[in-house]
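Report on one structure; see the data block that follows.
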Amino acid sequence: GIQVEQSPPDLILQEGANSTLRCNFSDSVNNLQWFHQNPWGQLINLFYIPSGTKQNGRLSATTVATERYSSLYISSSQTTDSGVYFCAVVPYNQGGKLIFGQGTELSVKP
Amino acid sequence: KAGVTQTPRYLIKTRGQQVTLSCSPISGHRSVSWYQQTPGQGLQFLFEYFSETQRNKGNFPGRFSGRQFSNSRSEMNVSTLELGDSALYLCASSLDEGLGEQYFGPGTRLTVT
């Protein structure tokens with residue numbers, strides 16, 4: 001089956017710093033989403049981005065489907081950005097089955 | 001518009017018992033999927049339902065089952081609970097089968113003792 005790899009697994013930043021999280025996948029996908037999991041376990045939707053580039057405030061994401069990767073860019077990080085970031089893909093012809101990466105745990109220090 | 005809701009939020013059960021978890025999708029969403037999250041295995045797909053039919057199934061034993069009702073609400077059931085079933089169970093809904101963005105509920109945290 002498809003493999004989804006996220007890097008780095010852990011990241012520690014000072015408040016105000018910028019960061020880039022990476023997601024590589026091993027096969028064609030119909031859908032790609034980025035989530036932020038809060039301390040209570042809820043997955044918060046960040047981007048639905050099968051291809052192209054999107055921006056939402058301090059966050060932006062780019063997916064290059066032909067090269068099988070996506071990146072999430074966080075600028076001017078805040079302590080509230082701390083948590084685990086997940087990339088998830090729906091493999092081609094597999095309905096709505098999301099396959100998740102192992103996540104990047106981000107800690108932003110004041 | 002209300003988000004995805006899941007009940008109960010927390011549950012403690014004993015080995016050998018069974019449990020039923022409930023999920024109400026966003027109004028107008030017809031597809032519901034279930035996921036299990038554990039520290040060791042991460043987030044894993046359980047099954048997907050659309051029009052009261054299971055459309056897709058993950059690699060879980062038959063003790064895990066689910067169903068969807070005509071109003072798109074879904075339940076999942078785990079029989080003969082094992083310690084390893086302790087996990088956060090997340091439900092997601094989307095507009096249509098296999099299409100579009102999925103939105104997750106707050107989850108049910110199950111502890112098996």
Side-chain angles (χ1 to χ4, degrees), chain A residues 1-10 21 23-25 27-52 54 56 59 61 63 70 72 83-105, chain B residues 3-6 9-11 23 25-26 29-51 53-60 68 72 74 86-111:
Chain A
I2 194 170
Q3 303 296 314
V4 181
E5 295 182 0
Q6 291 187 243
S7 60
D10 305 280
L21 282 56
C23 172
N24 293 323
F25 42 97
D27 208 340
S28 300
V29 299
N30 280 341
N31 176 11
L32 188 145
Q33 291 186 241
W34 282 96
F35 299 93
H36 177 210
Q37 189 166 40
N38 67 21
W40 298 272
Q42 171 108 43
L43 286 171
I44 309 299
N45 288 40
L46 296 177
F47 293 101
Y48 169 68
I49 186 166
S51 63
K54 290 186 177 179
N56 185 4
L59 273 59
T63 298
S70 183
L72 177 68
V84 184
Y85 289 79
F86 288 102
C87 165
V89 303
V90 174
Y92 184 67
N93 268 347
Q94 290 202 33
K97 176 181 179 179
L98 275 170
I99 305 297
F100 283 82
Q102 290 301 306
T104 291
E105 183 158 10
Chain B
V4 178
T5 59
Q6 292 186 244
R9 294 292 311 280
Y10 302 91
L11 206 48
C23 172
I26 293 171
H29 283 197
R30 300 164 63 199
S31 180
V32 173
S33 298
W34 289 89
Y35 297 82
Q36 180 198 63
Q37 185 176 26
T38 60
Q41 298 299 316
L43 278 150
Q44 294 185 285
F45 172 80
L46 279 158
F47 22 66
E48 177 189 14
Y49 285 89
F50 179 78
S51 289
T53 303
Q54 187 179 93
R55 302 294 187 159
N56 219 335
K57 189 177 192 304
N59 294 325
F60 280 82
Q68 186 181 33
S72 296
S74 177
S86 295
L88 179 66
Y89 289 89
L90 292 161
C91 164
S93 77
S94 62
L95 270 173
D96 213 333
E97 180 188 9
L99 292 174
E101 193 168 1
Q102 294 191 34
Y103 297 85
F104 282 79
T108 294
R109 194 168 294 277
L110 172 66
T111 302

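Proteins come first, then strands; the chains are lettered A, B, ... in the order of their sequence lines, and each starts at number 1.
No donor-acceptor pair under 3.5 Å is formed between the side chain of Gln41(B) and the backbone N or O of Pro39(B). Put simply, the side chain of Gln68(B) never gets that close to the backbone of Ser31(B): no donor and acceptor are under 3.5 Å apart.
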Only pairs under 3.5 Å count here: list side-chain donor-acceptor contacts from residues 36-43 of chain A, not counting sequence neighbours, and write none if there are none.
from: His36(A); atom 1: NE2; to: Ser82(A); atom 2: O; distance (Å): 2.9
from: Gln37(A); atom 1: OE1; to: Gln37(B); atom 2: NE2; distance (Å): 3.0
from: Gln37(A); atom 1: NE2; to: Gly41(A); atom 2: O; distance (Å): 2.8
from: Gln37(A); atom 1: NE2; to: Gln37(B); atom 2: OE1; distance (Å): 2.8
from: Asn38(A); atom 1: OD1; to: Trp40(A); atom 2: N; distance (Å): 3.0
from: Asn38(A); atom 1: OD1; to: Gly41(A); atom 2: N; distance (Å): 3.0
from: Asn38(A); atom 1: OD1; to: Gln42(A); atom 2: N; distance (Å): 3.0
from: Gln42(A); atom 1: NE2; to: Phe104(B); atom 2: O; distance (Å): 2.9

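The structure places OG of Ser72(B) at 12.0 Å from CD1 of Ile26(B), a figure rounded to the nearest 0.5 Å.
For Glu48(B), the part sitting under 4.5 Å from any heavy atom of chain A is the side chain, from C-beta outward, and nothing else. With a threshold of 4.5 angstrom between heavy atoms, Tyr35(B) approaches chain A through side-chain atoms but not through N, CA, C or O. No part of Leu46(B) comes within reach of chain A, as not one of its non-hydrogen atoms sits under 4.5 angstrom from that chain. In this structure, the portion of Leu88(B) lying under 4.5 Å from any heavy atom of chain A is its side chain and not its backbone.
Looking only at heavy-atom pairs under 4.5 Å with chain A, the residue among Gly58(B), Gly107(B), Gly100(B) that has the most is Gly100(B).
In this structure, the salt bridge (Lys or Arg N to Asp or Glu O under 4.0 Å) partners of Arg55(B), at least two apart in sequence or on a different chain, are Glu97(B).
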